[in-house]
Amino acid sequence: MARTKEEREQRRLEAKLRAEKRKAAKAEAAAALGSGGGDGAAQKDDKPNPNDLRNNLPVSRERNSSLPALSLPVDALAKVLRYLPAREWGALSLTCTGINRVLGGCRAAHVSSRVMRREDGEGKQSSCGSMCLVGGLRLCGGRKEAQEIIARSLAGGGETGRLITKKMKRSNKQNDSGDVDCDEYPGYARFVEEATIGYSAMQCSRTALFPTHLQGRFVSCSPEHTLLRMGGGGDTSSGPGGSGCCTWGVGARGQLGHGKREDEAEPRMLLGKIGWGVRIVQVAAGGGLVRVAHSLLLTSTGRVLSFGTAQYGQLGHGYDAGKQLSDCLRPRYIDALKDEKCICVAAGELHSGAVTIDGDVYTWGEGFCGQLGLGDRRPHLLPEQVTLGGLEDECVSNMSCGCRHTLVTTEEGEVFSWGLGRFGVLGRSYTDFTYQNDVGMVVPEGDEGHVQGAAANPPPMPAAAMDTVVVVANGGAVVAEMNVEGVNALMESLEALNLTLDDPSDQCYPKVIDSLQGFRAVGVCAGHRHSMILDEHGGLYTFGSGASGALGHGDFIGQEYPMKVMEFDNKRVRIHQMSAGVDISMAVSTEGTVYAWGKATNGRLGLGMEDRGITLPNTVEVGDEAFKAVDVECAYVHSLIVGLDGSVYQCGGVGTDGRDDGQQDVESAEGLLGSPVMLSGYNIWHRVAEPKAAKVAKQQWTKYGKYELKGRSKMMEEGVRSVA
């Protein structure tokens, strides 16, 4: 509808009034700066006060200069911003024009509050608006180092192809204070908060928070494959990176999630909007030496995705339409947990588990060693809540699944364990199974490993009983004709094979580790045949098999109860993160130093290529003096290290496409075989463009002489036209 002459004139007058108001606001602001006392000419010649945030603020609207946040000096605002999580920081940067330039000077104070906790002579920590995993986190020494950390974060991992908008390019010019604008900082701040203080806001609830300590925060690996959080964030300036997931390794059972059973030698991003619509906050790679593997992904909404081997029910999908347990080649939601909001997932060799927002524990998969904690030794194809052993009344914070056992910690700091107690991995005394014959378990020996126990040498079965089993399995109806002796022989054979699934042993249900009374545990890690526990003061405890020196006590002796690693105490080293693999162990100190011990063959620990067992923690060097680590993860023939700048280093390697395991003809930055190698082109927190599925070229029909190969639909169309 066209406006009248009077309406157009009225709009021009209103626009003129707004322009006059803006001009008056600018004049008022200039007068306020020049009326600080003394001669006005002298004030004009003086340099502007760098502590006044309004000097660098473009006043595009009259209300910008009156924002409460901008009424504070820089140092005061920096102290306030320490209490803001990264997500709220990003929201603040969108409140008005030019706020990024203002907040640029506060980034160093914000990041230092997440990576540094000062202590006085009595050991008391100063309050800085954050809570670390353990006391005394010292990844930064001051403002200058904090600025270097922020600068390194942009270049960590080399050329990653991170998204840089035109606005970011303009804001990369430094201002007078030496700080650049903070367009990309909210994404990095999210990564730092997850890595150091364990904070990650979940979208499933306003009060839901990520556990302060858990395995698979950024990376998780099994003996055959690796999952790494990377990419994501879309095209928004404050979107977080690390929301996607890339996988690589052996893919014979679909555990890589790319829709095919092929190996991947290099990290490859998952498709299906993972990271660009579905935000991943935790990964878990399951599998062992039995050549089966599966994967779990936890989303920010509390949903769980699984893919890989379904042979033992470890995916939690149950039977498919054909009453089969079919492998899943792409990520698929576990429908049985759709009504639960999960905050932690864990994957073992043949079983899986999850912790809900209410502190409940659910497990599923193979349970023949009692590793599900459901009071029996049956497989459970769908998730079921663990309520035995008093765990129903506890609020569980996180969990870890090993080869045949499971560990959980509660909010009160207690540790519960259940599953196969062999080698002492439960850290407590336990009663034997009803039948004394051992349960088969693959242990590493050479390249193939071997099976120990009844599974390796099953007891002989009478011929008559064996025939009966075959006939019954084939649908025969001769059971009624069996004599009493045949039935008894069959039952005795089944009992000898340990096929009775009901078992009262306390290995089949949760039980607290009594020897840990007196301190509060904050994290657990279940390895192949040894376990690790971390207390709130940074003390590390190990127990289980001492093969290859995996316990770190200076010998090869196993321990049935948790024993503190005194090497760290003697050197006054506090542990921030730890990981247990197959006869290997790794840990990260509160100062960002990486330690490793156990079997060091083929560079799997980053300590050289020698075939030896290291019984005490040794320092792992990556070839960069300024490098600080925040997370580690180890499996069987390889391990990974995550840096504070978001870069990732790999030690050893999984053989793909028929190649041998271990580090093969790959040198580190220092040119030393067996040292950690950086994954060039990969950074966890960098935002990258969403990968697109390759387009399949449409098949063109080829002419052979005067004939042409055509599709049925095309032939039908030509037939209809000819008839018409």
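Heavy-atom basis, side chains included; hydrogens, waters and symmetry copies ignored.
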Is the shortest heavy-atom distance from the side chain of [X] to the side chain of [Y] under 4.5 Å?
{"X": "Arg279", "Y": "Val281", "result": "yes"}
{"X": "Val522", "Y": "Asp535", "result": "no"}
{"X": "Gln282", "Y": "Leu214", "result": "yes"}
{"X": "Ser243", "Y": "Ile280", "result": "no"}
{"X": "Ile334", "Y": "Leu315", "result": "no"}
{"X": "Pro691", "Y": "Met269", "result": "yes"}
{"X": "Tyr188", "Y": "Ile149", "result": "yes"}
{"X": "Trp248", "Y": "Leu228", "result": "yes"}

Between [atom1] of [X] and [atom2] of [Y], what distance do you get to the nearest 0.5 Å?
{"X": "Arg574", "Y": "Leu540", "atom1": "CZ", "atom2": "CG", "value": "14.0 Å"}
{"X": "Leu270", "Y": "Leu297", "atom1": "CG", "atom2": "CG", "value": "6.5 Å"}
{"X": "Cys140", "Y": "Gln147", "atom1": "SG", "atom2": "CD", "value": "9.5 Å"}
{"X": "Glu633", "Y": "Leu640", "atom1": "CD", "atom2": "CG", "value": "8.0 Å"}
{"X": "Gln215", "Y": "Leu407", "atom1": "CD", "atom2": "CG", "value": "10.5 Å"}
{"X": "Cys651", "Y": "Leu607", "atom1": "SG", "atom2": "CG", "value": "8.0 Å"}

| Should His530 and Ser585 be marked as a side-chain hydrogen bond (donor to acceptor under 3.5 Å, both in side chains) after you check the CA-CA gap, both sets of side-chain angles, and the distance that decides it? | CA-CA 9 Å; His530 72 289; Ser585 303; 2.9 Å; yes
| task | Determine, stepwise, if the pair Thr542 / Val565 fulfils side chain to side chain contact (heavy atoms under 4.5 Å, CB included). | result | CA-CA 7 Å; Thr542 60; Val565 181; 3.9 Å; yes
| request: Assess whether side chain to side chain contact (heavy atoms under 4.5 Å, CB included) is satisfied between Glu340 and Tyr362, documenting all intermediate values. | output: CA-CA 10 Å; Glu340 301 290 341; Tyr362 286 80; 3.2 Å; yes
Checking side-chain polar atoms at under 3.5 Å, does [X] have a donor or acceptor matched by the opposite partner on [Y]?
{"X": "His294", "Y": "Ser306", "answer": "no"}
{"X": "His225", "Y": "Thr247", "answer": "no"}
{"X": "Thr363", "Y": "His351", "answer": "no"}
{"X": "Thr601", "Y": "Asp611", "answer": "yes"}

Any donor-acceptor pair under 3.5 Å from [X] side chain to [Y] backbone:
{"X": "Arg687", "Y": "Gly231", "value": "no"}
{"X": "Ser548", "Y": "Ala550", "value": "no"}
{"X": "Ser545", "Y": "Ala547", "value": "yes"}
{"X": "Thr590", "Y": "His576", "value": "no"}
{"X": "Arg138", "Y": "Glu591", "value": "no"}
{"X": "Glu262", "Y": "Ala252", "value": "no"}
{"X": "Thr196", "Y": "Arg114", "value": "yes"}
{"X": "Ser400", "Y": "Ala526", "value": "yes"}

Over all atoms of both residues, closest heavy-atom pair of [X] and [Y]:
{"X": "Val688", "Y": "Thr160", "answer": "CG1-O, 3.7 Å"}
{"X": "Pro331", "Y": "Gly257", "answer": "CD-O, 3.7 Å"}
{"X": "Ser647", "Y": "Gly156", "answer": "CB-C, 4.2 Å"}
{"X": "Met399", "Y": "Thr406", "answer": "CE-CG2, 3.7 Å"}
{"X": "Ala146", "Y": "Ser112", "answer": "CB-CB, 4.3 Å"}
{"X": "Cys342", "Y": "Leu337", "answer": "SG-CD1, 4.4 Å"}

Answer yes or no: is there an ion pair linking [X] with [Y], defined by an N-O contact shorter than 4.0 Å?
{"X": "Arg229", "Y": "Asp631", "answer": "no"}
{"X": "Glu194", "Y": "Arg217", "answer": "no"}
{"X": "Asp327", "Y": "Arg253", "answer": "yes"}

| task | Assess whether side chain to side chain contact (heavy atoms under 4.5 Å, CB included) is satisfied between Met586 and Met532, documenting all intermediate values. | result | CA-CA 10 Å; Met586 300 186 75; Met532 309 173 77; over 6 Å; no
| request: Mind telling me whether Phe191 and Phe218 have parallel, tilted or perpendicular rings, with 30° and 60° as the class edges? | output: tilted
| request: Using the six-membered ring of Phe307, assess whether NZ or CZ of Arg332 lies under 6.0 Å from its centre and within 45 degrees of the ring axis. | output: no
| query | Given the rule in the side chain to side chain contact (heavy atoms under 4.5 Å, CB included) test, do Leu296 and Ser352 qualify, once you have shown the distances and angles that lead to the verdict? | reply | CA-CA 8 Å; Leu296 300 179; Ser352 306; 3.8 Å; yes
| query | Applying the side chain to side chain contact (heavy atoms under 4.5 Å, CB included) test to Val630, which of Val588, Val115, Val192, Leu139 qualifies? | reply | Leu139
| Should His110 and Tyr185 be marked as a side-chain hydrogen bond (donor to acceptor under 3.5 Å, both in side chains) after you check the CA-CA gap, both sets of side-chain angles, and the distance that decides it? | CA-CA 10 Å; His110 189 265; Tyr185 178 71; 2.7 Å; yes
| query | side-chain contact (heavy atoms from CB on, under 4.5 Å) with Thr619: which residues, sequence neighbours excluded? | reply |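 For Thr619, the residues satisfying side-chain contact (heavy atoms from CB on, under 4.5 Å) (neighbours in sequence not counted) are Thr593, Tyr595, Glu621.
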